[in-house]
Amino acid sequence: MTTPRTPEQPVRTTPDPRTPDPAPRTGPAPRTPDPDALAALRRRYRHERERRVRPDGAAQYRDADAGFGYWAADPYTDGPHERAPLRDTVDVAVVGGGFGGILAGARLRQRGVARVRVVERGGDFGGTWYWNRYPGVHCDIESHVYLPLLDETGYVPEWKYAPGEEIRRHAVRTARQFDLYADALFSTEVTSLTWDESSETWLVRTDRDDAFHATYVVNATGTLTDPKLPGIPGIEDFKGHTFHTSRWDYAYTGGTPEGGMTGLADKRVGIVGTGATGVQAIPMLARDAAHLYVFQRTPSTVDVRGNRRTTAADVGADRAGWARRRRENYLRIVSGEDVDEDLVADRWTASAGLLEKLTSFRRPGGGTGSAAADRAAFEAAYEAADAAKMDELRARVARTVTDAGTAARLQPWYRYACKRPTFSDLYYPAFNRDNVTLVDTADTHGIEHVTAHGVTVGGTTYALDCLIFATGFNVGRSGLTSGRLPVRGRDGALLRDRWAARGPRTLHGLTSHGFPNLIQLGPLQNASSVNFTHVLDEQAVHAAALVAAAEAADALVEPAPEAEEAWLAVLAEDAPDHEWFHAECTPGYYNAEGRGRPNGPTSYPHGAVAFHRLLARWREESVTEALHPRTHPRPT
Ligand code: NDP
């Protein structure tokens, strides 16, 4: 039994004797913070939020496709290659070749499934790491816990935070090891999934005219896949060069993700966006461009990175199961559970007490009991710890950036984890360079116009040769409810219509009544974590177990409506009250651009560790709840 930590209690860490953390660790929060100071802080946060909320919310954005094909095209492949449309039958179709799809494929292979066909829009495996090759791209979670299947592949990452290319290569290595290339379809998008009652298989159609059957479908299409742009006037009139960070044009910039972008040496470059992507790309652009204009709307929190090379000995990789132990230790910490030691010991784990709202779980204990007074005391401690953390981050800016005005504009005024926390030791120093100008767009709610030759903010036009959008992704464009992928189950019912009326209905977020043998990976109605590959792996293990159980019983994977009802009741019963937190946060994709979190409880309320435990027990004891008798014999 573990004792829950309160937000201000850091876990015991295992220090790295070779490279000490370059900045002081977050200390305990003051036990009795000055109430006037806290009230002033709250007022400041409210003011900053009000300055930023826009009435058009998520409608302020536009897709990077639909008339903007060159922003969304795939610059990393010489395909698509000619091939004949497929009309065959496979055991499992996996939609998406990122880590979710690779993990599903690997775990199915381990269960002896022969024909696994991964269908992927990109020209190779890798997903996010296929598309995002912008300069400076790195994992922002420790590589040794983020990269999946390290025990299985024997690979030991070379950096604490791996560059994107190392991660992409690991995706390729893993797909090779589990023989996923043999049946894979690249540069191919699944356009519909239709349940064929007569054969009890799915008919999978694609944009390459394929129409093949699959006994099972695993949907692993990710969440942050479709690049988005500000929907502002003039964006299509820009006559200079332009692209989105997830489609980096090295043919124009020269260089590689490591830098060396000689094509920018005489260019005035503008970058819009200072989220996790912008924070990584900006220092590289600052180094290589003649002049860099950074168009910022909301500053990120940028904490200490401390990246370094690592050896197998550093992470104990000579011991069997080292990677599993490490990532479980990490998951426990970032899920608010107590541990004896912190193996990763970085700024994520040091700030673990402040992540509860981000991954939407209710901390075990720590004042979550029935007494409202306990909860109030817990929230007060949370607020104090949060204020201390944000003060520390604002002080970091002031310490590093020499121009006081620029430093003030770079300071974040909202609660920690309102936005994706970021980490860099190169970002703030970039603003001390003479060739870098920070343009604050908060007062105008972002850049206002793009002209033929530049960007206008507050009446000033900044002349540019190149305009880069680090403006993120359309959240949820790729899921089963997104509308992008029509899924027709029993009786031809469209899944998105079914769910539109009463919200999504699933068992564990993974399966749904009326949609047999369809397994959905992703954060919906299960558990999330900042280390999302870990969550995906647990889901992939579960998906493979469901397939194996259905095969053994000659049944379909399909929960009864009662099982879905029971699961929704579990989600609702102890749902964490994080609405107020997101409602008070500065806008972004975490809170539907300032409108709070939609659709009621979407996560298992006790966190990822407890959810994984629940799934494992359910597989042992209750897997038949998700099985439904076949009406037709299996096709051979
Ligand atoms: P984000 O959505 O986080 O950031 C988009 C940025 O564009 C924000 O700074 C936003 O400002 C700004 N923006 C949008 N519209 C305008 C406008 N009209 N004018 C000015 N600025 C504008 O996208 P990212 O690509 O940075 O990150 C997306 C996610 O990808 C991250 O949250 C993270 O989950 C993941 N990621 C992970 C990495 C990893 O290493 N694991 C690395 C990079 C990304 P505002 O904040 O005001 O809306």
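Basis for what follows: all heavy atoms, side chains included, without hydrogens, waters or symmetry-related copies. As the structure lists them, so they are numbered: ligands from 1, and atoms in each ligand from 1.
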Parallel, tilted or perpendicular, judged at 30° and 60°: which one describes the rings of Trp348 and Phe423?
tilted
Within-cut-off N or O pair, Ala276 and ligand 1, under 3.5 Å:
yes
Taking only non-hydrogen atoms of Gly588, do any sit less than 4.0 angstrom from ligand 1?
no
Is the His47 to Tyr45 ring centre distance short of 6.0 Å?
no
Considering non-hydrogen atoms of the protein only, which is the closest contact for atom 25 (O) of ligand 1, and what is the distance?
Thr277 OG1, 2.6 Å
Can you figure out which of Val272, Thr586, Thr471, Thr274 has its heavy atom closest to atom 9 (O) of ligand 1?
Thr274
Given Arg297, His138, Lys419, identify the one with the heavy atom nearest to atom 17 (C) of ligand 1.
Arg297
If the contact criterion is a heavy-atom separation under 4.0 Å, does Gln296 count as touching ligand 1?
no
Min over Thr298, Val137, Asp140 of heavy-atom distance to atom 39 (C) of ligand 1 lands on Asp140
Donor-acceptor pair, distance only, cut-off 3.5 Å: does the side chain of Asp288 make one with the backbone of Thr253?
no
Shortest protein contact, atom 1 (P) of ligand 1 (heavy atom only):
Gly472 CA, 4.1 Å
State if Tyr134 counts as touching ligand 1 under the rule of any non-hydrogen atom under 4.0 Å.
yes
Parallel under 30°, tilted from 30 to 60°, perpendicular over 60°: which one fits the rings of His170 and Phe99?
tilted
Of all the non-hydrogen atoms in the protein, which one sits nearest to atom 12 (C) of ligand 1, and at what distance?
Gly273 CA, 3.6 Å
protein heavy-atom neighbour closest to atom 18 (N) of ligand 1 works out as Pro230 CB, 3.4 Å
